[in-house]
A.B. asks: 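One structure is given below, represented as structure tokens, and several questions about it will come after.
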Amino acid sequence: MNGFILLNNKQFAVRLLNSADENLVQDLCERCSDYYLLAEGRLPDKKAGHGILSDLPPGKESSDKFVYGVFNPDNVLVAVADIVRNYREEGEWMLGLLLIDPNERGSGLGRIIHEYIKNMVREQGGVKIRIGVLEDNIRAVKFWTGLGYSEVGRVRLTYGDKEHDVIIMNLVYNYEK
């Protein structure tokens with residue numbers, strides 16, 4: 001579902017990314033080094049962009065994965081959303097990562113991207129979105145809770161050089177037909 005989103009009278013393009021966009025994604029990862037330091041305890045490695053575009057959870061195929069890129073009016077990639085269809089169950093989609101350029105954070109872009117994702121999931125028959133949030137990423141916990149996500153569990157995982165308690169959250173929604 002390619003399209004556009006509007007924020008403060010500025011139009012952002014949204015499109016599916018593919019392997020040809022790997023350098024753009026890598027550049028965004030490097031601009032988001034604060035996230036990588038928090039999550040992994042190190043700067044993003046040279047394959048971070050490739051990983052976003054290709055890594056899959058167990059039991060899923062590439063046809064289940066969608067990576068959307070959000071481009072500002074100057075055609076610069078400012079956000080990526082990594083989504084997997086029907087993970088862990090039919091109708092449940094996993095939002096594996098929403099990575100936003102530090103210069104765009106706090107502008108409302110994340111909320112608008114999330115609304116775009118919710119609409120896309122609904123159009124594809126999804127009824128629930130699953131996310132994992134690092135417990136020590138206080139801003140992210142507040143952001144997702146503010147969007148209506150609620151905790152359904154916790155797991156201990158290692159990312160890069162750091163171990164984290166990860167809060168598993170779901171957003172269950174019903175749309176009028």
Side-chain angles (χ1 to χ4, degrees), residues 1-57 62-85 93-124 126 129-134 136-149 159-160 162 169 171 173:
M1 184 169 103
N2 293 340
F4 296 94
I5 54 178
L6 195 62
L7 175 65
N8 300 327
N9 295 318
K10 294 192 311 189
Q11 185 170 284
F12 291 76
V14 181
R15 71 170 172 83
L16 275 171
L17 300 177
N18 59 50
S19 60
D21 298 305
E22 189 173 313
N23 289 337
L24 296 176
V25 178
Q26 182 67 33
D27 183 58
L28 177 63
C29 292
E30 291 172 9
R31 292 195 315 270
C32 296
S33 60
D34 61 327
Y35 170 77
Y36 283 89
L37 289 170
L38 173 70
E40 297 183 4
R42 61 185 183 205
L43 295 174
D45 65 29
K46 299 291 184 205
K47 295 184 178 184
H50 177 78
I52 289 172
L53 292 168
S54 63
D55 289 351
L56 290 166
S62 59
S63 60
D64 295 317
K65 181 180 176 92
F66 305 87
V67 180
Y68 284 95
V70 179
F71 295 82
N72 71 11
D74 295 323
N75 203 33
V76 174
L77 180 67
V78 294
V80 295
D82 174 11
I83 311 160
V84 177
R85 167 180 43 216
W93 289 54
M94 180 181 67
L95 176 55
L97 179 67
L98 176 59
L99 188 64
I100 300 175
D101 186 301
N103 293 324
E104 298 290 342
R105 295 180 196 154
S107 69
L109 183 61
R111 288 182 178 277
I112 291 171
I113 293 169
H114 180 261
E115 194 64 30
Y116 188 93
I117 291 167
K118 277 179 39 180
N119 290 334
M120 186 273 301
V121 167
R122 180 193 68 202
E123 288 175 9
Q124 298 290 319
I129 300 175
R130 174 188 190 91
I131 59 171
V133 182
L134 304 179
D136 50 349
N137 190 345
I138 304 302
R139 287 183 66 189
V141 172
K142 183 178 177 184
F143 174 78
W144 294 111
T145 302
L147 290 175
Y149 283 79
Y159 296 104
K162 291 182 79 175
M169 304 176 95
L171 176 67
Y173 52 96

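Treat the numbers as computed from the prediction; the structure is a model and nothing was measured.
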A.B. asks: State, to 0.1 Å, how close Leu95 and Ala81 come at their nearest heavy-atom pair, and which atoms those are.
C.D. replies: CD1-CB, 4.3 Å
A.B. asks: Report the distance from atom CG of Asn137 to atom CH2 of Trp144, rounding to the nearest 0.5 Å.
C.D. replies: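 Reported to 0.5 Å precision, the distance equals 11.0 Å.
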A.B. asks: Phe4 vs Val14, test: side chain to side chain contact (heavy atoms under 4.5 Å, CB included). Steps then yes/no.
C.D. replies: CA-CA 5 Å; Phe4 296 94; Val14 181; over 6 Å; no
A.B. asks: Do Glu104 and Val76 have side-chain heavy atoms sitting under 4.5 Å apart?
C.D. replies: no
A.B. asks: State, to 0.1 Å, how close Met94 and Pro57 come at their nearest heavy-atom pair, and which atoms those are.
C.D. replies: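 The answer is CE-CG, 3.9 Å.
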A.B. asks: Taking all heavy atoms of Arg31 and all of Val78, pick out the closest pair and write down the distance.
C.D. replies: NH2-CA, 4.1 Å
A.B. asks: Begin from the C-alpha positions of Arg15 and Asp21 and carry the test side chain to side chain contact (heavy atoms under 4.5 Å, CB included) through to its verdict.
C.D. replies: CA-CA 11 Å; Arg15 71 170 172 83; Asp21 298 305; 2.9 Å; yes
A.B. asks: Give me the atom names and distance for the closest heavy-atom approach of Gly110 to Leu98.
C.D. replies: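 Between these two residues, the closest heavy atoms are O-CD2, 4.3 Å.
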A.B. asks: Which residue pairs pass the side-chain hydrogen bond (donor to acceptor under 3.5 Å, both in side chains) test with at least one member in residues 70-82, sequence neighbours excluded?
C.D. replies: Lys65-Asp82
A.B. asks: Can you name the closest pair of heavy atoms from Ile52 and Cys29 and give their distance?
C.D. replies: CD1-SG, 3.5 Å
A.B. asks: For the CZ atom of Arg111 and the CD1 atom of Ile5, what is their distance to the nearest 0.5 Å?
C.D. replies: 14.0 Å
A.B. asks: Looking at every heavy atom in both Leu77 and Phe71, which two are closest together, and how far apart are they?
C.D. replies: N-CD2, 3.6 Å
A.B. asks: May I have the step-by-step check of side chain to side chain contact (heavy atoms under 4.5 Å, CB included) for Phe143 and Val133, ending in yes or no?
C.D. replies: CA-CA 10 Å; Phe143 174 78; Val133 182; over 6 Å; no
A.B. asks: Less than 4.5 Å apart, side chain to side chain, heavy atoms only: is that true for Leu109 and Asp101?
C.D. replies: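 Answer no - side chains too far apart.
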A.B. asks: Ile113 versus Phe12: any side-chain heavy-atom pair under 4.5 Å?
C.D. replies: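 No, too far: nothing below the 4.5 Å cut-off.
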A.B. asks: Can you tell me how far the CE atom of Met169 sits from the OG1 atom of Thr145, to the nearest 0.5 Å?
C.D. replies: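 The distance works out to 3.5 Å.
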A.B. asks: Taking atom CG of Leu24 and atom CG of Leu17, what is their separation to the nearest 0.5 Å?
C.D. replies: 7.5 Å
A.B. asks: Should we count CG of Asn23 as having more than 12 external heavy atoms under 6.0 Å?
C.D. replies: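 Open: at most 12 neighbouring heavy atoms sit under 6.0 Å from CG of Asn23.
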A.B. asks: Hey, what do you get for CG (Leu38) to CG (Leu134), rounding to the nearest 0.5 Å?
C.D. replies: 6.0 Å
A.B. asks: Between Tyr36 and Ala48, is there a donor-acceptor pair closer than 3.5 Å when you use the side chain of the first and the backbone of the second?
C.D. replies: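 Side chain of Tyr36 to backbone of Ala48: no pair is present.
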A.B. asks: Heavy atoms, side chains only, cut-off 4.5 Å: are Leu43 and Leu37 in contact?
C.D. replies: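 A side-chain contact exists here, since the closest heavy-atom pair is under 4.5 Å.
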A.B. asks: Report yes if the side chains of Lys142 and Ile138 come closer than 4.5 Å at any heavy-atom pair, otherwise no.
C.D. replies: no
A.B. asks: For the side chain of Glu22 and the backbone of Lys47, is there at least one donor-acceptor N/O pair under 3.5 Å apart?
C.D. replies: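 Such a contact is absent between Glu22 side chain and Lys47 backbone.
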A.B. asks: Please check: side-chain N/O of Asn119 versus main-chain N/O of Tyr116, any donor-acceptor pairing under 3.5 Å?
C.D. replies: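 No: the side chain of Asn119 does not pair with the backbone of Tyr116.
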A.B. asks: Taking only residues two or more places apart in sequence, or in another chain, which ones meet Arg85 in a salt bridge (Lys or Arg N to Asp or Glu O under 4.0 Å)?
C.D. replies: Asp64
A.B. asks: Got Cys32 and Arg105 here, is their nearest side-chain heavy-atom distance under 4.5 Å?
C.D. replies: yes
A.B. asks: To the nearest 0.5 Å, what is the distance between CG on Asn8 and CD1 on Ile112?
C.D. replies: 7.0 Å
A.B. asks: Does any part of the side chain of Ile83, heavy atoms only, come nearer than 4.5 Å to the side chain of Met120, both counted from C-beta?
C.D. replies: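 Touching, per the 4.5 Å side-chain cut-off.
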